[in-house]
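Values in this document were obtained by computation on a predicted structure and should not be read as measured data. Here is the naming used below: chain letters follow the sequence lines, and residue numbers restart at 1 for every chain.
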Number of protein chains: 2
Amino acid sequence: MRDSHGAERARPATLKDVASLAGVSIATVSKALNGREHVRAETRARVQAAAEKLSFQPNVLAKGLLAGRTGTVGLLASDLDGRFSIPVMMGAEDAFGAGSTSVFLCDARGDSIREQHHLRALLSRRIDGLIVVGDTTNPRETLGRDMPVPVVYAYAPSTDPEDISVVSDNVGAGRIAADHMLDCGRSRIAYISGDVSYHAARDRVEGATAALAARGLNLVGGEALYGAWTEGWGRGAVRTLLSRNPDLDGILCGSDQIARGALDALREAGRDVPGDIAVMGHDNWEQIAAQSRPPLSTIDMRLEEVGRLAAELLFTAIDGDYRVGTHSVATRLVTRGSTALAG
Amino acid sequence: MRDSHGAERARPATLKDVASLAGVSIATVSKALNGREHVRAETRARVQAAAEKLSFQPNVLAKGLLAGRTGTVGLLASDLDGRFSIPVMMGAEDAFGAGSTSVFLCDARGDSIREQHHLRALLSRRIDGLIVVGDTTNPRETLGRDMPVPVVYAYAPSTDPEDISVVSDNVGAGRIAADHMLDCGRSRIAYISGDVSYHAARDRVEGATAALAARGLNLVGGEALYGAWTEGWGRGAVRTLLSRNPDLDGILCGSDQIARGALDALREAGRDVPGDIAVMGHDNWEQIAAQSRPPLSTIDMRLEEVGRLAAELLFTAIDGDYRVGTHSVATRLVTRGSTALAG
DNA sequence: CTGAAAGCGCTTACAG
DNA sequence: CTGAAAGCGCTTACAG
């Protein structure tokens, strides 16, 4: 049986094969199959039948050689093991969608040698453009202005303001989360954030602080608690908060993992969520948010929309229209059981 | 500044450009750059300098047109939002590695229309071979025997035994987990499994049962408890077990999420892990295993090794050597705090 | 050692 | 309406 896979594998059909089967020239086949005019209907039908019979698939490489475009864009990610670049890629794929553009995905795993390697591989395959997805929300080094194809930076913006970047609106996310707490009738609200070195952490806090200020309120304790993006930090921070501010009635968290830890610590301290204290996360990480007790209200960054917008901006750039600057995608509130109107 | 990105973008240099700068023919440039013999050292140096100066990158598409090989393989995944296909891809990338092969990743998201679309896109780009990564460990429908390029199925084997498949050894994983429990001095061991419709669930239980039988033991309760791949199920199952078999001293779980739920329920029931009861997961999902209390001992499926082996088998298949059948990758024990010698 | 020519699979003016 | 020819960027015998 081995040979059924090997020796018999047919060389893919070419225009020439179709032409000789249909009894016409390869030029005519090309025109017929590409819907060009000036081909008799009967001829076109005959060509199509021949192509069908031979399972003819045009060689996109040969096409690209002529057209100068390959219908392929690269997506250079740094955190595939993380969960951010995947939705971005899906959004980009959707935007290129039914069209004839394909996405060529590589992961540099935070290694700049590997990044260079992939970049070279992509460019030598003559991609039409490139989307670079960062591994955090912090700005990343630009690839420079002398790239042979347009580049769009997604999730992490480029350090060069003359590049095209697409990010999630973290300030807005903080505002939306805080407003939701206020809408639930909470007023003594604390913020447990992640690693202070992340722009995103500070931006979310900034948005929340502004939303509270708009109603004349401050964060409980005066400012956010910064720590790590882990459940362990969420648990520890809650214990600190409960001893210092036993009367708090809402906790905003910088990530779903932090919120998950917070929920566990609150339950173990005998506090009721959401009756006593409401809790919000950030990320809408399904596996975490849906499995916590109670299920977690959170902010969805709409990463697929980030990818979709990046793809659109890349497309217009390929067509020569460079919309440089940082484009921001609005986030979305997702309510589950951990927030509710105060009794 | 917009124009600095647009109008000035240089057409990539071609052999012709290098040839005229170096003052030789394009044939000579090709030979010089590809290390062919019969080129004078001085000429080669001059060509290399010219290529360097123009940042010449050979057009891989044009090369592929000649060679019949493109140096690109496709990887068709179904669960990118999941966490299984990414490590498989990384392993495959490593295997193709420093060489000149690139991986073209697409995600069908469990949609067969999309799968066909991607398949067509990949084939029209003349990939040299294809790796298909399933979304579960259950066998998946073969793509058939008349594919124009070799195909290797990874994680989920193909339904056709004459295809080439690479899977994780689930029976062995169950055995390793149970043996570890036994090595920790446990003898009253229960098994909380996931969805019974998954082959992997049953295979892991089978391996564990066999390992216990080898020492004359049975699972507590006589058989495994099947449910869902969730924390919620892990919690519920533990409560059931504790009421029926209060003296159990070890719990094997079908996944890290189930184990995470089990740990939470045990702690809330006042049982000490690992002193009183040892717990094992499966998957080595870092985010879950490292954050649970205590950190979770578990089984690593070595998915990167699955990807690496799939890539190697694909390579040998491209060279005409079809090693059909299902190849199995051994799993690995990872010990953290949730297992220890019984006091 | 170097270069002219043919050809990979396709498209596109240009003749007929 | 149809086809012969040139050309996209490259490599590979084959002459010189």
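Within the structure, the ring-ring contact (aromatic ring centres under 6.0 Å, His included) test picks out no pair touching residues 14-37 of chain B (sequence neighbours left out).
One finds the CD atom of B:E93 at 7.5 Å from the CE atom of B:M90 (value rounded to the nearest 0.5 Å). Residue B:E305 holds its CD atom at 11.0 Å from OG of B:S168, rounded to the nearest 0.5 Å. The structure places CD1 of A:I26 at 12.5 Å from CG of A:L33, a figure rounded to the nearest 0.5 Å.
For the pair A:L65 CG and C:dG7 C1', the interatomic distance rounds to 12 Å; values are reported in whole Å. Across the protein-nucleic acid pair, A:E42 atom CD and D:dT2 atom C1' stand 13 Å apart, rounded to whole Å. Between B:H38 atom NE2 and D:dA15 atom P there is a gap of 15 Å when expressed in whole angstrom units.
Not one side-chain nitrogen or oxygen of A:S25 sits closer than 4.0 Å to the OP1 or OP2 atom of D:dA4.
Not a single salt bridge (Lys or Arg N to Asp or Glu O under 4.0 Å) links B:R44 to another residue, sequence neighbours left out. Partners of A:F56 according to the ring-ring contact (aromatic ring centres under 6.0 Å, His included) rule, which considers only residues two or more places apart in sequence or in another chain, do not exist here.
D:dA4 sits 16 Å from C:dG7 when the P atoms are compared, rounded to a whole Å. Taking the P atoms as reference points, D:dT2 lies 25 Å from C:dG9, given to the whole Å.
Under the 30°/60° scheme for interplanar angles, the aromatic rings of B:Y155 and B:F84 are found to lie parallel.
Electrostatic pairing of A:K53 and A:D17 does not count as a salt bridge here, judged by no charged N lying under 4.0 Å from a carboxylate O. Ion pairing between a basic and an acidic side chain is recognised when a charged N comes within 4.0 Å of a carboxylate O; A:E42 and A:R46 show such pairing.
At a threshold of 4.5 Å between non-hydrogen side-chain atoms, the residues A:T14 and A:N59 do not count as touching.
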Evaluate the side chain to side chain donor-acceptor pair (under 3.5 Å) criterion for residues A:T142 and A:D160: first the C-alpha distance (whole Å), next the side-chain angles of each, then the deciding distance (0.1 Å), finally the verdict. CA-CA 6 Å; A:T142 179; A:D160 183 347; 4.7 Å; no
Return one dot-bracket line describing DNA chain D 5' to 3' (Watson-Crick or G-U wobble pairs, both distances under 3.5 Å; ( ) same strand, [ ] crossing, | another strand, . none). |||.||||||||.|||
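Of the residues in residues 67-74 of chain A, none lies under 4.0 Å from DNA chain D by heavy-atom distance.
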Protein and nucleotides 10-13 of chain D: nitrogen or oxygen contacts under 3.5 angstrom:
{"unit_1": "D:dC10", "atom_1": "OP1", "unit_2": "B:N59", "atom_2": "N", "d": "3.0"}
{"unit_1": "D:dC10", "atom_1": "OP2", "unit_2": "B:L15", "atom_2": "N", "d": "2.4"}
{"unit_1": "D:dT11", "atom_1": "OP1", "unit_2": "B:N34", "atom_2": "ND2", "d": "3.1"}
{"unit_1": "D:dT11", "atom_1": "OP2", "unit_2": "B:S30", "atom_2": "OG", "d": "2.6"}
{"unit_1": "D:dT11", "atom_1": "OP2", "unit_2": "B:N34", "atom_2": "ND2", "d": "3.4"}
{"unit_1": "D:dT12", "atom_1": "OP2", "unit_2": "B:R36", "atom_2": "NH2", "d": "3.3"}

